[in-house]
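Letters go in sequence order (proteins before strands), and every chain restarts at 1.
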2 protein chains.
Amino acid sequence: MKKVTINDIARKLGTTPSTVSRALADNKRVSLKTRELVKKVAKEMGYQPNLMASSLRKGKSDLVGMIVPRINRHFFSNVISGVEEVLNPKGYSLLIMQSQENTDSEVKAVNSLMRNRVAGIIASLSVQTENLSHFQGVLDEGIPLVQFDRISNDLSGPKVVNDNYTGTYEATCQLLKSGYKRIAHFGGSELLKAYRERKKGYTDALLDKTGEVDKDIIFNDVITRDAGREMVKKVIDMGVDAIVCAGDYSAFGALEALGVLGVKVPEEFGVTGFGNEPFAEMIYPKLSSVEQEGREMGRIVARQMMDAIRGEQHTIEIAVPVKFIKRASSIR
Amino acid sequence: MKKVTINDIARKLGTTPSTVSRALADNKRVSLKTRELVKKVAKEMGYQPNLMASSLRKGKSDLVGMIVPRINRHFFSNVISGVEEVLNPKGYSLLIMQSQENTDSEVKAVNSLMRNRVAGIIASLSVQTENLSHFQGVLDEGIPLVQFDRISNDLSGPKVVNDNYTGTYEATCQLLKSGYKRIAHFGGSELLKAYRERKKGYTDALLDKTGEVDKDIIFNDVITRDAGREMVKKVIDMGVDAIVCAGDYSAFGALEALGVLGVKVPEEFGVTGFGNEPFAEMIYPKLSSVEQEGREMGRIVARQMMDAIRGEQHTIEIAVPVKFIKRASSIR
DNA sequence: TTTTTTTATACAAACGTTTGCGCATTATTG
DNA sequence: CAATAATGCGCAAACGTTTGTATAAAAAAA
């Protein structure tokens, strides 16, 4: 029941903890023979190093903290998965907390991670968050901070985002190519850069291809299914015949309402989403959407964290390529 | 850049670390006056306790390990979310690892968690896992183990599962009530109790209501969308007019194939799923399914863990109620 | 052989807490 | 007023590692 320590091993071998410690670390200062002997005995005794003691002494921990708005979101859980995939083989473990899109919880999460002396923090900001002092505190302590997806440029350090701009740019072009004339945008919160970029991709595409953009058919905060369902009814009356949505849920809501209204998609109306949620290709009609490679993003984030822990703290912004996936909802 | 410790606080106050430690812990052995003073100064200095040092000394950590097959699965990420919700307010943090449905990774995860001296481990077994010695080792060390969903009765300790049996029992009854005559079952792996229970719910319902069950139309390992799509073609030739699926993906595959074949659902054919994935009510026709309350399950799991950490290690199996949700795919 | 260098190991301090014990000082009791 | 009890605090050891320095033994050089 009692855990075996290096002292136990040392005692059994008539040597000292220091030698055992070095032997296990493959330090050349201890002879090959003893190194092997120690390792053998350690294994026999079922020795498991106490990482807390080790970290305490070394002043460096093997824990990496991660804060996401919600764990149970397709995109975020994929990112987590990718991060874990890279971090674990390197001997790091992931301490995960969710902010529930709420600044208070986010602050608590940061504090909790700091108390646990994590080697670094990976974070995607809650929508609510405006005051960033808790994260600034992390940086001030010299703890690496890697941001992803929901980032703030007011914080230094690596940032990894999707190429939101290109995603909606391509989606818009595709709708134009299909001959839709009056294309609206269902955007997200103005507060988040990700959504601002998506909107910009849409407007720039329109400007580039048609030379004009009508601000009256651009809507913020239409990201939920309900919002999409309601808003699409309004835009139909405005002569709109296609929408570029900043999310798949609002796009699905729109498709639902269109179905009820008897508006044919894609014949009379085009729709594109963003995120390529699993349901996108399961619904009818299949929804064109911008695929965000959450898993891959996670891997990139993790690599940035590894670099930062090693002391290479570059303040860069990496855009992970996205892929616009054409499906029935936007092709005619 | 240097972290402030209780020694720094003690020095500033002209007292000792022991007093500071006790003051922060609200120990009555130090006067109310000093307690308040210490806390005030601690806050001023931005003191954050070093949980590693604390845990090392106390021999108890605030970390709880969690192993799931895959983080990015709707059900699992929901459970994680629920666990986190309960554990965090109690001062525990979650160390999460994924086994990727692979025993090797599972073993590594267990070892990693043990090295981190977690207070307990929450686990859902990988399909592959047959040899349970890594988990037995956890129990032998006296570390609480709480299993959920994918459990093994060969390991002691609390287990939390869905009421799989009732879920498919009700689904089957509903299909019978709708007048379907020959009802097949698309099951999962025989190795997992969850799937065995689901199968039993189906067979028992048939026995109770019709007195007979045809083993020829019960299939194992039909859980993927592809498998469902293929298998449904076969069962149609066997005169089957409904299926109870042990998962939503195979059910969806079946619906797809039926659509292609021109078989009308629910008029000519009934389908039920299991899991109530988000897409279940977004597809056409909407899929009847058994809802598993992942979040709630997580909360229950977390509470069991709290009890176990407190030393109340009861070996019980808790069945979380499920809810059969009737939708178009099974009603006529 | 003696001296120097190398090699292998041991000693002890440190990381930041917690906690049993002891010692003053003050309050309570007979 | 002496004896006892209670209060508040300090001392020091301990948790399990790591690591700089010292020391002994062995190998190399003189």
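For B/Val30, taking side-chain heavy atoms from C-beta onward, the closest of the listed nucleotides C/dT17, D/dC9, C/dC11 is D/dC9. Counting only heavy atoms from C-beta on, A/Thr15 has its side chain closest to C/dT9 among D/dG10, C/dT9, C/dG16. Among the nucleotides C/dG20, D/dT18, D/dC9, the one closest to any side-chain atom of A/Pro17 is D/dT18. Closest to the side chain of A/Arg57, out of C/dC21, C/dC15, D/dG8, is C/dC15. Side-chain atoms of A/Ser54 lie closest to D/dT17 of the nucleotides D/dA22, C/dT17, D/dT17. For A/Ser21, the side-chain atoms get nearest to D/dT19 when compared with the rest of D/dC11, C/dT9, D/dT19. Nearest to the side-chain atoms of A/Lys58 among the listed nucleotides D/dG10, C/dG16, D/dT19 stands D/dT19.
Dashed line: the shortest gap from a side-chain N or O of B/Ser31 to OP1 or OP2 of D/dC9 is under 4.0 Å. Applying the 4.0 Å criterion to OP1 and OP2 of C/dG16, one finds that B/Thr5 has every side-chain N and O outside that range. In this model, the phosphate group of D/dG10 is approached by a side-chain N or O of B/Thr19 to a distance below 4.0 Å at OP1 or OP2.
Atom C1' of nucleotide D/dC15 and atom CD1 of A/Ile6 are separated by 12 Å, given to the nearest angstrom. With rounding to whole Å, B/Lys3 atom NZ is found 12 Å from C/dG16 atom C1'. Here D/dC9 presents its P atom at 14 Å from NZ of B/Lys28, a figure rounded to the nearest Å. Here D/dT17 presents its C1' atom at 15 Å from CZ of A/Arg11, a figure rounded to the nearest Å. Straight-line distance from the CG atom of B/Asp8 to the P atom of C/dC15: 10 Å, rounded to whole Å. At whole-Å resolution of the value, CG in A/Leu51 and P in C/dG16 are 18 Å apart. In this structure, B/Asn50 atom CG and C/dA14 atom P are separated by 18 Å, rounded to whole Å. When rounded to the nearest whole Å, the span between CG of A/Leu13 and P of C/dT9 equals 10 Å.
Judged purely by distance below 3.5 Å, without hydrogens or angles, the side chains of A/Gln128 and A/Thr103 pair a donor atom with an acceptor atom. A/Ser61 and A/Arg117 form no side-chain donor-acceptor contact under 3.5 Å, judged by distance and modelled atom types alone. A side-chain N or O of A/Thr129 and one of A/Glu106 form a donor-acceptor pair less than 3.5 Å apart. Between the side chains of B/Ser31 and B/Thr34, at least one donor N or O lies within less than 3.5 Å of an accepting N or O. Between the side chains of A/Gln136 and A/Asp140, at least one donor N or O lies within less than 3.5 Å of an accepting N or O. Remark: the A/Ser81 side chain and the B/Gln98 side chain contain an N/O donor-acceptor pair separated by less than 3.5 Å.
Base contact: B/Ser18 has a heavy atom under 4.0 Å from a base atom. Residue A/Ser55 is classed as having no contact, given no heavy-atom separation below 4.0 Å to the nucleic acid.
Residue B/Leu32 is the one, among B/Leu32 and A/Pro49, whose nearest nucleotide of DNA chain D lies closer to the 5' end (criterion: closest heavy atom).
Side-chain N/O atoms of B/Arg22 and base N/O atoms of D/dG8 include no donor-acceptor pair closer than 3.5 Å. In the interface, the side chain of A/Arg29 is not paired with the base of C/dT7 through any donor and acceptor atom under 3.5 Å apart.
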